[in-house]
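For reference, the structure discussed in these notes is given below.
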Amino acid sequence: MSRKYLIAGNWKMNKTATEAADLVQEINSLAGSQTSVQVCICPSFTALSKSSELVEESEVFLGAQDMSPEPSGAFTGEVSAEMLRDLYVTFVILGHSERRQYFNETNEVINRKILAAIQNNLKPIFCIGETLDERESGSTLEVVRTQVREGLAGYPSSAIENLVLAYEPVWAIGTGKTATDEMAQEVHADIRKVLKEMFGDSAGDSVRILYGGSMKPENADGLLSQPDVDGGLIGGASLTSRAFCGIVDAAGRACA
Ligand code: 13P
């Protein structure tokens, strides 16, 4: 089963629309015409419209960082799936640990968002991962399995090709501490096992599982060469074109 590598940049709450335009143009010129690796950038909502125009002619895909589970209506401050589709957004990050931690998102809310996303033909990048306490108490696999099962409850097998998962150990996000290649592979393989239980062997084999947490050009080759690591969800290193495209290059080497 060959899965195409996906390198996605989560810009978090960084870059105005004007600053984003510069970064998109740099990424376009460094990685916007290659097709061996799928590349996606996820700017903030305010930068989506401008970024969308700039990636129109390139191979770079656009993603959002969150989305409402509701289709429309009186939900002040929220952004719907339809609004994202209208801007030619392809991917949407859902269940990021920062949303779980600071905005009280539960597996149940995340599940509703995932189902709303696929109903609108958006591809969820569904994030899961354990905290430091959970890792140290030996409950990593149990925590991640529960997040996967509850987050994907009711997910239709017919939409399996739209699903992307991202394993992001919370203790590795923005800390400079990366999971070792072996630690990442262990959890990724376990996630794939759960996906196979839920959707069958061939569907489980087809889903891309990204690694996220202090990934940078210096550690990307090792992580991306693991059999169940199919790409990266990049935070800090996605904010400069040189670092981000350095990781795209590493994915190119891994699939060569
Ligand atoms: P860092 O790459 O800054 O650790 O962030 C990872 C992340 O949270 C991507 O979603």
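Minimum interatomic distance between V92 and D66 (heavy atoms only, all atoms of both residues): CG2-O, 3.6 Å. Nearest heavy atoms, R208 versus D230: CA-OD2, 3.4 Å. Nearest heavy-atom pair, F45 versus A64, reported as atom, atom and distance to 0.1 Å: CE2-CB, 4.2 Å. Listed here is the closest heavy atom pair of L48 and G63: CD2-O, 3.5 Å. The shortest non-hydrogen separation linking Y155 to F199 is O-CE2, 3.4 Å. When every heavy atom of I247 is checked against every heavy atom of M215, the shortest pair comes out as CD1-O, 3.8 Å.
In this structure, the side chain of E19 engages the main chain of T16 through a donor-acceptor pair within 3.5 Å. Of the possible donor and acceptor atoms, one in the side chain of Y211 sits under 3.5 Å from a partner among the backbone N and O of A179. Q147 places a side-chain N or O within 3.5 Å of a backbone atom of G129 that can act as its donor or acceptor partner. E150 contributes no side-chain N or O that, together with a main-chain N or O of E108, makes up a donor-acceptor pair within less than 3.5 Å. Distance alone, capped at 3.5 Å, is enough to place a donor-acceptor pair between the N111 side chain and the G151 backbone. Checked by atom type and distance alone, the side chain of N10 pairs as donor or acceptor with a backbone atom of K12 at under 3.5 Å. Using modelled atom types, one side-chain atom of N219 and one backbone atom of S214 make a donor-acceptor pair closer than 3.5 Å. Formation of a donor-acceptor pair under 3.5 Å by the N14 side chain with backbone atoms of W11 is found in this model. Side chain of Y167 to main chain of V144: no donor-acceptor pair is present (N/O by atom type, distance under 3.5 Å, no hydrogens or angles). Judged by distance alone, with hydrogens and angles left aside, the side-chain atoms of K4 form a donor-acceptor pair with the main-chain N or O of T35 at under 3.5 Å.
E56 CD: 12 or fewer foreign heavy atoms inside a 6.0 Å radius. In Y88, the OH atom is not crowded: 12 or fewer heavy atoms of neighbouring residues, nucleotides or ligands sit closer than 6.0 Å. The environment of CD in E57 is sparse: at most 12 heavy-atom neighbours from other residues, nucleotides or ligands sit within 6.0 Å. For CD of E82, the number of neighbouring non-hydrogen atoms (other residues, nucleotides, ligands) closer than 6.0 Å is 12 at most.
With salt bridges taken as basic N to acidic carboxylate O contacts below 4.0 Å, one links R112 and E70. A salt bridge does not link R242 to E26: none of the charged side-chain nitrogens sits closer than 4.0 Å to a carboxylate oxygen.
Taking the side chain as every heavy atom from C-beta outward, V55 and V24 approach each other to under 4.5 Å. Residues V109 and K113 meet the side-chain proximity criterion, which asks for heavy atoms closer than 4.5 Å. Looking at heavy atoms from C-beta onward, V170 lies out of side-chain contact with E130 at the 4.5 angstrom threshold. Between I234 and F244, some side-chain heavy-atom pair lies under the 4.5 Å cut-off. Considering only heavy atoms from C-beta on, I27 comes within 4.5 Å of I41 through its side chain. Side-chain contact between S80 and S72: absent, with no pair of heavy atoms (C-beta onward) separated by less than 4.5 Å. Within the 4.5 Å cutoff, no side-chain heavy atoms of C127 are placed close to those of L94. Side-chain contact between M83 and M67 is absent, with no heavy atoms from C-beta onward closer than 4.5 Å.
For the residue pair Q65 and R99, no side-chain donor N or O sits within less than 3.5 Å of a side-chain acceptor on the partner. Inspection of the H96 and E168 side chains reveals an N or O donor paired with an N or O acceptor under 3.5 Å. For the residue pair E134 / T131, a side-chain donor-acceptor distance below 3.5 Å is found, with atom types taken as modelled. In the model, R100 has a side-chain atom that pairs as donor or acceptor with a side-chain atom of N107 under 3.5 Å.
Interatomic distance, CD of E142 versus OG of S137, reported as 8.5 Å (0.5 Å rounding). Atom CD1 of residue I93 and atom CD of residue E98 lie 9.5 Å apart, to the nearest 0.5 angstrom. The CD atom of Q34 sits 8.5 Å away from atom SG of C245, with the distance rounded to the nearest 0.5 Å. Atoms CG and CG, from N120 and N162 in turn, are 11.5 Å apart once rounded to the nearest 0.5 Å. Note that CG of L233 and CD1 of I7 are 9.5 Å apart. Values are rounded to the nearest 0.5 Å. For the atom pair CG (L141) and CG (D190), the distance works out to 4.5 Å, reported to the nearest 0.5 Å.
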Check against side chain to side chain contact (heavy atoms under 4.5 Å, CB included), L224 and Y5: CA-CA 9 Å; L224 293 170; Y5 280 92; 4.0 Å; yes
Stepwise side chain to side chain contact (heavy atoms under 4.5 Å, CB included) check, L23 with S241: CA-CA 6 Å; L23 183 52; S241 56; 4.0 Å; yes
Side chain to side chain contact (heavy atoms under 4.5 Å, CB included) evaluation trace for L210 with L165: CA-CA 6 Å; L210 315 183; L165 266 69; over 6 Å; no
Verdict with reasoning, R149 to E197, per salt bridge (Lys or Arg N to Asp or Glu O under 4.0 Å): CA-CA 10 Å; R149 290 197 183 106; E197 279 163 23; 3.3 Å; yes
V194 vs L152, side chain to side chain contact (heavy atoms under 4.5 Å, CB included): CA-CA, chis, key distance, verdict: CA-CA 11 Å; V194 177; L152 295 178; over 6 Å; no
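Partner S52 forms a side chain to side chain contact (heavy atoms under 4.5 Å, CB included) with one of L84, D86, L62 and no other, that one being L62.
Clustering ILVMFWY residues whenever any of their side-chain heavy atoms sit less than 4.5 angstrom apart, transitively, puts I191 in the very cluster that holds M198. F61 and V37 end up in different hydrophobic clusters when Ile, Leu, Val, Met, Phe, Trp and Tyr side chains are linked at under 4.5 Å. Both I110 and V79 sit in one connected hydrophobic cluster of ILVMFWY residues. Membership requires side-chain heavy atoms under 4.5 Å apart, directly or through other members. V229 and I173 are assigned to two separate hydrophobic clusters, defined by single-linkage of ILVMFWY side chains at heavy-atom distances under 4.5 Å. Grouping the Ile, Leu, Val, Met, Phe, Trp and Tyr side chains by contacts below 4.5 angstrom, directly or via other members, places V207 apart from I125.
Every pair passing salt bridge (Lys or Arg N to Asp or Glu O under 4.0 Å) that includes a residue from residues 216-228 is listed here, sequence neighbours excluded: R3-D228, R192-D228, D221-R253.
By the 4.5 Å side-chain criterion applied to Ile, Leu, Val, Met, Phe, Trp and Tyr, W171 is assigned to a cluster that also includes L132, M183.
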